[in-house]
*Asks:* 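The structure's right below; bear with me while I get my questions together.
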Amino acid sequence: MPEAIDTVEPTAAAAPKDRASGARRAPVARSDRAYWATLYGTTAIFVVICVAFLVTLIWNSVPAWRFSGLGLITGTKWDPQNSSYGGLPLIVGTLETAAIALVLAVPIGITAAVSIVHLVPSRLRTPLSSFVELLAAVPSVVYGMVGVLVMAPKFQGDVLPWLQHVTGNFFLFSGTVSGYSVLLAGTVLTIMVLPTIVALSRDAIATVPHDQVEGALSVGATKWQTLRKVVVPGARVGITGAVTLAAARALGETIAVAMVIGGNVHLSRSLAQGGTTIAAQIAQSFDGATALTISNLFALSVILIAITASVNLLGRRLLHRANRGAML
């Protein structure tokens with residue numbers, strides 16, 4: 001008697017076959033389709049917004065580039081009343097203030113982050129971490145107010161004269177002392193970016209495996225050697241990211257810098273003199289500006305974005321190298 005052969009009728013619920021291999025593919029649920037549609041949709045919206053923003057800036061800056069050409073980058077005179085738009089003093093002021101902030105803030109911030117994780121008593125770590133995060137949330141205008149009311153008189157009466165005396169009137173601190181100066185703006189930026197460096201570096205340092213620290217101590221390394229050769233190198237990826245974000249904020253800070261830098265659009269070798277930055281000049285120049293001036297301000301915005309993007313690309317390169325070094 002022949003055996004009965006069971007047959008299964010195809011149903012709508014059965015998974016479709018892959019024509020190439022004959023295997024059945026898992027059905028795609030409606031929730032998965034909605035998820036992917038939402039994901040791709042929001043990503044597309046983000047890309048469209050970014051592209052539209054950049055296109056708007058570039059389109060509105062075209063008259064400025066036609067009028068000034070490369071003189072907008074290399075020119076040294078910014079005088080909208082006489083249709084002179086030289087942005088080199090603004091670019092130099094932006095780079096100077098950001099460089100001062102990073103030179104002062106990076107060693108202080110990394111040292112503070114290491115101390116919070118490994119040197120401060122455990123009962124104080126949480127309050128200190130919360131305090132650092134609170135400082136990161138303080139509005140920039142508050143820092144600017146402190147710079148104007150507290151720091152500017154001290155710089156004019158004590159700090160800058162002392163620096164001139166100690167350095168023998170070195171060219172970086174030479175000239176007539178002014179309370180509102182590039183050095184003061186860089187110092188205010190130092191205070192502003194410190195919480196960012198400390199908070200992000202602290203998180204990176206806390207991820208270094210405790211076994212590595214204990215292993216270094218067990219083979220005879222001192223606490224200082226362990227922190228310098230094990231902890232900081234192990235967190236270099238996160239520290240590099242923290243410094244990159246701090247640099248981006250220093251380059252783009254507006255209100256606090258505009259309040260303390262002095263607003264003088266000229267090239268000067270001395271940090272004791274007043275100056276300005278691209279962001280500060282943009283904030284102070286819209287009132288009563290002509291169409292050509294506004295176009296040049298848009299062009300300055302494009303230059304500032306290019307500088308910030310270059311810093312971010314440099315940070316990515318450093319992160320890539322740090323990741324390769326961590327894997328080796």
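All values below were derived from every heavy atom in this structure, side-chain atoms included, with hydrogens, water molecules and symmetry-related copies excluded.
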*Asks:* Do you reckon L172 sits in the same ILVMFWY cluster as Y180, going by side-chain contacts under 4.5 Å, direct or chained?
*Replies:* yes
*Asks:* With rounding to the nearest 0.5 Å, note down the distance linking CG in L245 to OG1 in T240.
*Replies:* 11.0 Å
*Asks:* Treating Ile, Leu, Val, Met, Phe, Trp and Tyr as nodes and any side-chain heavy-atom pair under 4.5 angstrom as an edge, say whether I110 and V231 lie in one connected cluster.
*Replies:* yes
*Asks:* Heavy atoms only: give me the nearest A185-T97 pair and the separation to one decimal.
*Replies:* CB-CG2, 3.9 Å
*Asks:* I want to check something: taking the side chain as every heavy atom from C-beta on, are N312 and T244 in contact at a cut-off of under 4.5 Å?
*Replies:* yes
*Asks:* If we check side chain to side chain contact (heavy atoms under 4.5 Å, CB included) with I305, which of these qualifies: L54, I58, I278?
*Replies:* L54
*Asks:* Does R66 reach the main-chain N or O of P63 with its side chain, forming a donor-acceptor pair under 3.5 Å?
*Replies:* no
*Asks:* Picking from L267, T277, V182, what satisfies side chain to side chain contact (heavy atoms under 4.5 Å, CB included) with V92?
*Replies:* L267
*Asks:* If two hydrophobic side chains count as joined below 4.5 Å and joins carry through other members, does L128 share a cluster with L200?
*Replies:* no
*Asks:* Is there a side-chain contact between H118 and V213, using heavy atoms and a 4.5 Å cut-off?
*Replies:* yes
*Asks:* For L160 and S181, run side chain to side chain contact (heavy atoms under 4.5 Å, CB included): C-alpha distance rounded to whole Å, both residues' side-chain angles, the deciding distance at 0.1 Å, then the answer.
*Replies:* CA-CA 10 Å; L160 291 176; S181 61; 4.2 Å; yes
*Asks:* Not counting sequence neighbours, list each pair that qualifies as a ring-ring contact (aromatic ring centres under 6.0 Å, His included) and has a residue in residues 196-221.
*Replies:* none
*Asks:* Nearest 0.5 angstrom please: W65 CH2 to S295 OG, how far?
*Replies:* 10.0 Å
*Asks:* Check the surroundings of atom CZ in R316: do more than 12 heavy atoms from other residues, nucleotides or ligands lie under 6.0 Å from it?
*Replies:* no
*Asks:* Testing the 3.5 Å rule here: is there a donor-acceptor pair between the side chains of T187 and T190?
*Replies:* no
*Asks:* I282 versus T254: any side-chain heavy-atom pair under 4.5 Å?
*Replies:* no
*Asks:* Is the count of non-hydrogen atoms from other residues, nucleotides or ligands lying under 6.0 Å from K223 atom NZ greater than 12?
*Replies:* yes
*Asks:* Looking at every heavy atom in both L102 and A247, which two are closest together, and how far apart are they?
*Replies:* CD1-CB, 3.7 Å
*Asks:* For V120, is there any backbone N or O sitting under 3.5 Å from a side-chain donor or acceptor partner on R125?
*Replies:* yes
*Asks:* Using 0.5 Å steps for rounding, measure from the OG1 atom of T56 to the CZ atom of F53.
*Replies:* 8.0 Å
*Asks:* Going by the ring-ring contact (aromatic ring centres under 6.0 Å, His included) test, which pairs reach into residues 84-106, not counting sequence neighbours?
*Replies:* W78-Y85
*Asks:* Please say whether more than 12 non-hydrogen atoms of neighbouring residues, nucleotides or ligands are located less than 6.0 Å from CG in L70.
*Replies:* no
*Asks:* Measure the CD-OG1 distance between E133 and T196 for me, rounded to the nearest 0.5 Å.
*Replies:* 11.0 Å
*Asks:* When hydrophobic residues are tied together by side-chain contacts of less than 4.5 Å, even through go-betweens, does M192 share a cluster with L194?
*Replies:* no
*Asks:* Any side-chain heavy-atom pair from L149 and M145 closer than 4.5 angstrom?
*Replies:* yes
*Asks:* For the pair Q225 (side chain) and T222 (backbone), establish whether a donor and an acceptor sit closer than 3.5 Å, ignoring hydrogens and angles.
*Replies:* yes
*Asks:* To the closest 0.5 Å, what do you measure between CD1 (I307) and CG (L251)?
*Replies:* 7.0 Å
*Asks:* Taking the side chain as everything from C-beta on, heavy atoms only, tell me whether N82 gets closer than 4.5 Å to D79.
*Replies:* yes
*Asks:* Listing request: all ring-ring contact (aromatic ring centres under 6.0 Å, His included) pairs with a residue in residues 119-171, at least two apart in sequence or in separate chains.
*Replies:* none
*Asks:* Same cluster or not: I116 versus I197, using hydrophobic residues (I, L, V, M, F, W, Y) connected whenever any side-chain heavy atoms lie under 4.5 Å apart?
*Replies:* no
*Asks:* Can you measure from CG (L124) to OG (S115) and round to the nearest 0.5 angstrom?
*Replies:* 12.5 Å
*Asks:* Please tell me if the side chains of V159 and M151 come closer than 4.5 Å, counting only heavy atoms from C-beta onward.
*Replies:* no
*Asks:* Counting C-beta onward and ignoring hydrogens, is there a side-chain heavy-atom pair between L88 and I73 closer than 4.5 Å?
*Replies:* no
*Asks:* Using the side-chain hydrogen bond (donor to acceptor under 3.5 Å, both in side chains) rule, take T293 and T290 through it: C-alpha gap first, then chi angles, then the decisive distance, then the call.
*Replies:* CA-CA 5 Å; T293 300; T290 62; 3.0 Å; yes
*Asks:* Does some side-chain heavy atom of L300 sit less than 4.5 Å from a side-chain heavy atom of L297?
*Replies:* yes
*Asks:* Using every non-hydrogen atom in the two residues, find where V117 and A206 come nearest and quote the distance to one decimal.
*Replies:* CG1-CA, 4.2 Å
*Asks:* What do the steps show when you test V260 against V188 for side chain to side chain contact (heavy atoms under 4.5 Å, CB included), and what is the final call?
*Replies:* CA-CA 8 Å; V260 300; V188 172; 4.2 Å; yes
*Asks:* How far apart are the closest heavy atoms of S301 and L57, and which atoms are they?
*Replies:* CB-CD2, 4.3 Å
*Asks:* Quick one: closest heavy-atom pair of E253 and S140, and the distance?
*Replies:* OE2-CB, 3.1 Å
*Asks:* Taking it one step at a time, do L184 and I261 satisfy side chain to side chain contact (heavy atoms under 4.5 Å, CB included)?
*Replies:* CA-CA 7 Å; L184 175 59; I261 199 170; over 6 Å; no
*Asks:* Look at the side chain of T207 and the backbone N and O of A204, then say whether any donor-acceptor pair between them is shorter than 3.5 Å.
*Replies:* yes
*Asks:* Taking it one step at a time, do V257 and T276 satisfy side chain to side chain contact (heavy atoms under 4.5 Å, CB included)?
*Replies:* CA-CA 8 Å; V257 173; T276 190; over 6 Å; no
*Asks:* Just checking, any donor-acceptor pair under 3.5 angstrom between side chains of S174 and Q164?
*Replies:* no
*Asks:* Work out which heavy atom in G274 is nearest to a heavy atom in N264; give both atom names and the distance.
*Replies:* CA-ND2, 3.6 Å
